[in-house]
Amino acid sequence: MTINDTMYAKIEDTARALMSSSYGTAISGAGMSAESGVPTFRGPDGLWTKYGEPDDLGYEKFEQDPKLWWETRLSSTYMPEMKKALDGAKPNDGHLALAKLEEMGHINCVITQNVDGLHSEAGTENIVEIHGNNRLLRCIQCENRYTPENIPMEVLPPICPDCNGLIKIDTVMFGEPIPRSVLLKCQNESSQTDCMLILGTSGVVYPAAALPSIAKSSNGATLIEINPEPSALSPICDIVIQAPTGVALPALVELLEMEDSSS
Ligand code: APR
């Protein structure tokens, strides 16, 4: 996709907003990983569009019988289409450009709804995974996170080595509250943001979708959306760039690098 003059002018406005901001952040959704071959959820080919959105009982079922939940999980391939896509996914130009924006000091934190780990693989350092990480496990009591190889699975359900709490996948299940420490960090980051990039999200899942409004109400933050389609957040955004993140973010980095080299 090429960038037309109108879109380029908006990317210039975005560069100016980031250069004049003191605390820039980004919130990303599944659209950020679409160019890495990871399916979105609600788009035309989205997983929930195809198979229906899971009910809110996932977490309740886990709590009722964690042993059965783990036995079922370990014996079946949950959403094989998503697993196959995630296994092979690599960061795309959008992830790499966002990591560069952090390195340049324009972005201080990336809050992601994605569980694919691609932002950290691209080199972003300050990340909050509000919906967890599909490569990790988490204790529901102390909220410590572990890599699977460090948690014995001979006896199910696995128990936390630090507090003897129940261990589950780190990915936040439907009906599960966002871990308190994670939610507090998201709210803290948003309340100090004065410029927020909103990248590839339909903006319909809370509490993530409320974070741009927290930035706007706390600091009058400039909200900038990059998404080929309108979203539920488009109406509150100051700048809406209707383009893929893998196209617009590299163009933004190129502009900022020219500015940085000329200043
Ligand atoms: N670049 C930018 N945005 C894109 C691209 C792209 N290349 N391709 C698609 N999009 C946009 C779509 O237009 C859509 O607005 O990405 C958005 C994806 O929306 P969803 O599929 O709803 O994903 P998301 O907003 O991340 O969903 C939030 O819902 O089910 C839960 O846990 C799941 O974290 C997920 C949450």
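Sequence positions, counted from 1, serve as the residue numbers for this chain. Numbering of ligands and ligand atoms starts at 1, following listing order.
- Close approach of ligand 1 to Glu229 (heavy-atom distance below 4.0 Å) involves ligand atoms 13 (O).
- The only member of Asn92, Leu197, Leu96 that meets side chain to side chain contact (heavy atoms under 4.5 Å, CB included) when paired with Leu249 is Leu197.
- Residue Trp48 approaches ligand 1 through these ligand atoms, each under 4.0 Å from one of its heavy atoms: 30 (O).
- Those atoms of ligand 1 that come under 4.0 Å of a heavy atom in Gly29, given as number and element, are 26 (O).
- In this structure, a donor-acceptor pair under 3.5 Å is absent between the side chains of Thr171 and Asn134.
- Nearest protein heavy-atom contact of atom 25 (O) of ligand 1 is Thr201 OG1, 2.7 Å.
- Within ligand 1, the atoms closer than 4.0 Å to a non-hydrogen atom of Ala34 are 8 (N), numbered from 1 in the order shown.
- Taking a cut-off of under 4.0 Å to the non-hydrogen atoms of Phe174, the atoms of ligand 1 that pass are 30 (O).
- The distance from ligand 1 to the heavy atoms of Glu35 drops below 4.0 Å at these ligand atoms: 1 (N), 6 (C), 7 (N).
- Looking at Asp87 and Lys83, a side-chain N of the basic residue comes within less than 4.0 Å of a carboxylate O on the acidic one, giving a salt bridge.
- With respect to atom 1 (N) of ligand 1, the closest heavy atom belonging to the protein is Thr245 N, 3.0 Å.
- Ranked by closest heavy atom to atom 31 (C) of ligand 1, the top entry among Gln242, Glu53, Arg42, Glu225 is Arg42.
- Less than 4.0 angstrom separates some heavy atom of Pro244 from each of these atoms of ligand 1: 1 (N), 6 (C), 7 (N).
- Between Asp13 and Lys10, none of the side-chain N atoms (NZ, or NE/NH1/NH2) sits under 4.0 Å from a carboxylate O, so this pair counts as no salt bridge.
- Between His131 and ligand 1, an N or O atom pair is found at a separation short of 3.5 Å.
- Within the 3.5 Å criterion, the main-chain N or O of Ala215 finds no donor-acceptor partner in the side chain of Ser218.
- Using a 4.0 Å cut-off between charged nitrogen and carboxylate oxygen, Arg16 and Glu259 do not count as a salt-bridge pair.
- Which of Ser234, Ser202, Gly246, Gly31 comes nearest to atom 5 (C) of ligand 1 through a heavy atom is settled by distance: it is Gly31.
- Counted by atom type alone, Thr25 and Glu189 present zero donor-acceptor pairs between their side chains at under 3.5 Å.
- Between Arg138 and Glu129 there is no salt bridge, since no side-chain N of the basic residue sits under 4.0 Å from a carboxylate O of the acidic one.
- In terms of protein heavy-atom proximity, atom 13 (O) of ligand 1 is closest to Asn227 OD1, 2.8 Å.
- Between the side chains of Ser22 and Asp194, a donor-acceptor pair is found at a separation under 3.5 Å.
- Given atom 28 (C) of ligand 1, the protein heavy atom at minimum distance is Gln113 OE1, 3.3 Å.
- Side-chain N or O atoms of Asn133 include one that pairs as donor or acceptor with a backbone N or O of Arg135 at under 3.5 Å.
- Using a 4.0 Å cutoff on heavy atoms, Gly46 does not count as a contact of ligand 1.
- Polar contact check, Phe41 against ligand 1: a nitrogen or oxygen pair lies under 3.5 Å apart.
- At a 3.5 angstrom cut-off on N or O pairs, Ser231 does not count as close to ligand 1.
- Ligand-side atoms of ligand 1 in range of Gly200: 2 (C), 3 (N), 16 (O), 17 (C), 18 (C), range being under 4.0 angstrom from any heavy atom.
- Judged by distance alone, the side chain of Ser36 and the main-chain N or O of Val38 form no donor-acceptor pair under 3.5 Å.
- By the 3.5 Å distance cut-off applied to N or O atoms, Ala30 is counted among the residues near ligand 1.
- From the protein, the heavy atom lying nearest to atom 36 (C) of ligand 1 is Val205 CG2, 3.7 Å.
- Between Thr124 and Glu102, the side chains place no donor N or O within less than 3.5 Å of an acceptor N or O (distance only, hydrogens not considered).
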